[in-house]
Student: 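Following this message is one structure expressed as structure tokens.
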Amino acid sequence: MKKLIAAFGLTLLIAGCNATTPEKPASLKAQYEVALKNAQAAVEKAAAVDGEWRDIRWKKSKKRYLPSAIKAAEAGDYEKALKLLEIATFQAEAGYKQAMEQKNAGPRF
Amino acid sequence: MTKPTKRLGPAATALALCIGLVLSAQASADDLEAGKKIAFDRSKGNCLTCHHIEGGPLPGNIGPPLIAMKSRFPDKAKLRAQIWDATAINPHSIMPPMGRHRILSEKEIDLVTDYIYSL
Amino acid sequence: MKKILTLLLSAGLMTTAMQAVSSPQEDLEKFRLYYEQRFPGIQLDDFGNGPYALDANKRMQWESMEEFPPYEEYVDKGREIWETPFKNGKSFASCFGEDPSKVRVKYPRWDSKTQQVVTLEGDINKCLKDNGEKPFGWKKGKIAHLGAFLGYEARGQKINVVIPDDPKALEAYEEGKHFYYAKRGQLNLACADCHVQYPGQRVRGQMLSTGLGQTTHFPVFRAKWEKASPDGDGMGTLHRRYGGCNKQVRARPFKAQSRQYRNLEFFHTYMSNGLEINAPGYRE
């Protein structure tokens with residue numbers, strides 16, 4: 001029981017510290033790393049079914065959400081990076097879904 | 001400025017103000033203008049690719065002309081739904097799903113809906 | 001009794017199987033009939049003239065343009081490329097045969113050895129590589145000039161894509177067909193949405209051409225490409241155009257000569273079997 005209380009106290013302490021430390025970017029960075037992995041996986045999944053959209057990462061797109069997110073993170077702007085990753089992930093998932101829905105598309109006159 | 005218009009000036013302003021007041025009951029003139037801009041913009045709504053809209057240059061004729069919308073869509077929510085995802089109503093529709101595919105943001109769709117509704 | 005039953009049953013099974021996948025020939029018949037009914041009075045070969053077959057005004061402008069066609073100088077350049085020997089002394093004739101008028105009609109073709117669709121552009125670059133020459137770029141420039149010459153020489157012959165009775169060839173055809181009819185990109189549009197559902201109607205100021213006859217005049221000289229080119233060379237290949245039509249619906253375009261585009265070309269050109277080759281064409 002004592003142990004439990006101590007552990008509880010410790011977590012509280014850590015959580016409390018975390019909330020008050022000014023080093024917010026550290027947790028943003030962690031969020032970014034997870035979000036990047038998710039986005040990359042979603043994009044590969046869409047590409048594998050030929051469902052990738054234009055503005056995710058294609059070299060001639062003006063938006064290139066995925067590479068732009070990586071660039072923003074490299075410049076330390078994780079908030080911007082997360083926003084861009086959210087769009088990239090949405091587009092990748094929507095492209096995959098679209099390809100699945102269109103699996104049986106065929107002549108219709 | 002020629003004389004007649006000069007004299008008309010104040011009257012016109014008053015009239016414009018009146019109209020503005022009437023419209024603001026629904027959507028402000030500014031909002032309608034913003035909605036129109038989004039509807040015409042090639043990288044936004046690009047509705048003119050397929051629809052004739054009063055005052056829009058080089059309209060296409062793939063979809064029906066967007067006129068008298070209040071009589072065709074008495075329920076504004078239905079109009080918004082058509083713009084948000086035309087394929088929910090007709091799965092084969094050529095009209096891009098503006099909301100479902102986030103071609104426009106929710107706010108932009110509100111503005112476009114108000115504008116189209118005013119036609 | 002039992003026999004009759006099984007016969008009936010298998011007949012039933014067969015018809016359902018046939019409904020699932022129609023043969024290329026059946027697809028072609030339905031495709032052609034659809035456009036012929038939609039545009040009565042237009043001659044079959046005229047569908048190869050795209051929007052100019054469908055609109056009298058545009059046709060007049062185009063006909064006056066055709067009196068001094070801007071693609072002519074590129075046909076001449078292509079002829080030069082055809083005739084210029086490689087460093088090893090051989091020339092394109094060593095790969096394609098002596099008669100340049102007999103080349104274009106063979107493409108796209110199914111290659112049973114490599115089990116894939118081979119395009120004219122593919123064989124042009126293969127010929128260059130096999131002879132120790134540097135291959136051309138895929139979408140414009142020399143490859144399109146040579147294509148323009150070979151198309152010009154073949155004018156009047158009928159498109160004749162052969163889909164052999166090989167499951168792999170049919171699979172490639174089916175993939176190309178699916179590509180044409182599947183919605184893609186953020187704007188959620190299929191090739192067929194524009195070119196089957198709405199030909200003759202306008203997107204903005206542009207009139208949509210029919211899917212029928214859409215490949216007979218490639219490579220094409222496009223005024224839009226002319227403007228974008230530093231030296232006014234408006235020539236481009238079919239896959240350049242495919243890329244353009246994918247981009248505009250906000251889908252990521254595939255590479256020229258990718259499997260996807262070669263299979264699309266296989267289906268797309270097969271649908272125009274029996275139409276005259278009228279390459280190179282001019283388009284806005």
Student: Any idea how F39(C) and Y35(C) line up, ring-wise: parallel (<30°), tilted (30 to 60°), or perpendicular (>60°)?
Tutor: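 Taking Y35(C) first and then F39(C), their aromatic rings lie parallel (interplane angle under 30°).
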Student: Between S61(A), A99(A), P107(A), G106(A), which shows the greatest number of heavy-atom pairs under 4.5 Å with chain C?
Tutor: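 That would be P107(A).
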Student: Say you draw a straight line from CG of D50(A) to CD of Q98(A); how long is it, rounded to the nearest 0.5 Å?
Tutor: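 Rounded to the nearest 0.5 Å, the CG-CD separation comes out at 11.5 Å.
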Student: Pick one of side chain, backbone, both or neither for F254(C), based on which atoms fall under 4.5 Å of a heavy atom in chain A.
Tutor: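 The side chain, not the backbone.
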Student: Find the one option among A192(C), G185(C), A190(C) whose heavy-atom pairs under 4.5 Å with chain A are most numerous.
Tutor: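 Looking at each option in turn, the highest pair count goes to G185(C).
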Student: Calculate, to the nearest 0.5 Å, the distance between atoms CD and CD belonging to Q206(C) and E284(C) respectively.
Tutor: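 One gets 7.0 Å once the value is rounded to the nearest 0.5 Å.
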Student: Please classify the contact between K60(A) and chain C as side chain, backbone, both or neither, with a heavy-atom cut-off of under 4.5 Å.
Tutor: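 Just its side chain gets close to chain C.
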Student: Looking at every heavy atom in both V196(C) and Y34(C), which two are closest together, and how far apart are they?
Tutor: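 What the structure gives for the nearest pair is O-OH, 2.5 Å.
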Student: Please state whether the side chain, the backbone, both or neither of A182(C) comes within less than 4.5 Å of a heavy atom of chain A.
Tutor: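 Both backbone and side chain.
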Student: For the pair H178(C) (side chain) and K103(A) (backbone), establish whether a donor and an acceptor sit closer than 3.5 Å, ignoring hydrogens and angles.
Tutor: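 Judged by distance alone, yes, a pair lies under 3.5 Å.
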Student: Sort N188(C) into side chain, backbone, both or neither according to what part of it lies under 4.5 angstrom from a heavy atom of chain A.
Tutor: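 Contact with chain A: backbone and side chain both.
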Student: With no hydrogens and no angle check, do the side chains of E29(C) and Q25(C) hold a donor and an acceptor under 3.5 Å apart?
Tutor: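 The criterion, which ignores hydrogens and geometry beyond distance, is satisfied for Q25(C) and E29(C).
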Student: Is the ring pair F267(C)/Y180(C) parallel, tilted or perpendicular, if the boundaries are 30 and 60 degrees?
Tutor: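 Ring orientation, 0 to 90° scale: tilted.
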Student: Where does K177(C) contact chain A at under 4.5 Å (heavy atoms): side chain, backbone, both or neither?
Tutor: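 It is the side chain, since no backbone atom gets that close.
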Student: Top residue by heavy-atom pair count (under 4.5 Å) with chain C, among E101(A), Q102(A), R108(A)?
Tutor: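 When all of E101(A), Q102(A), R108(A) are compared, Q102(A) has the most.
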Student: Looking at K30(C), Q197(C), K247(C), R250(C), which has the largest count of heavy-atom pairs under 4.5 Å with chain A?
Tutor: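 The residue among K30(C), Q197(C), K247(C), R250(C) with the greatest pair count is R250(C).
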Student: Is Q91(A) close to chain C through its backbone or its side chain, or both, or neither, when contacts mean heavy atoms under 4.5 Å?
Tutor: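 Contact with chain C is through the side chain of Q91(A) alone.
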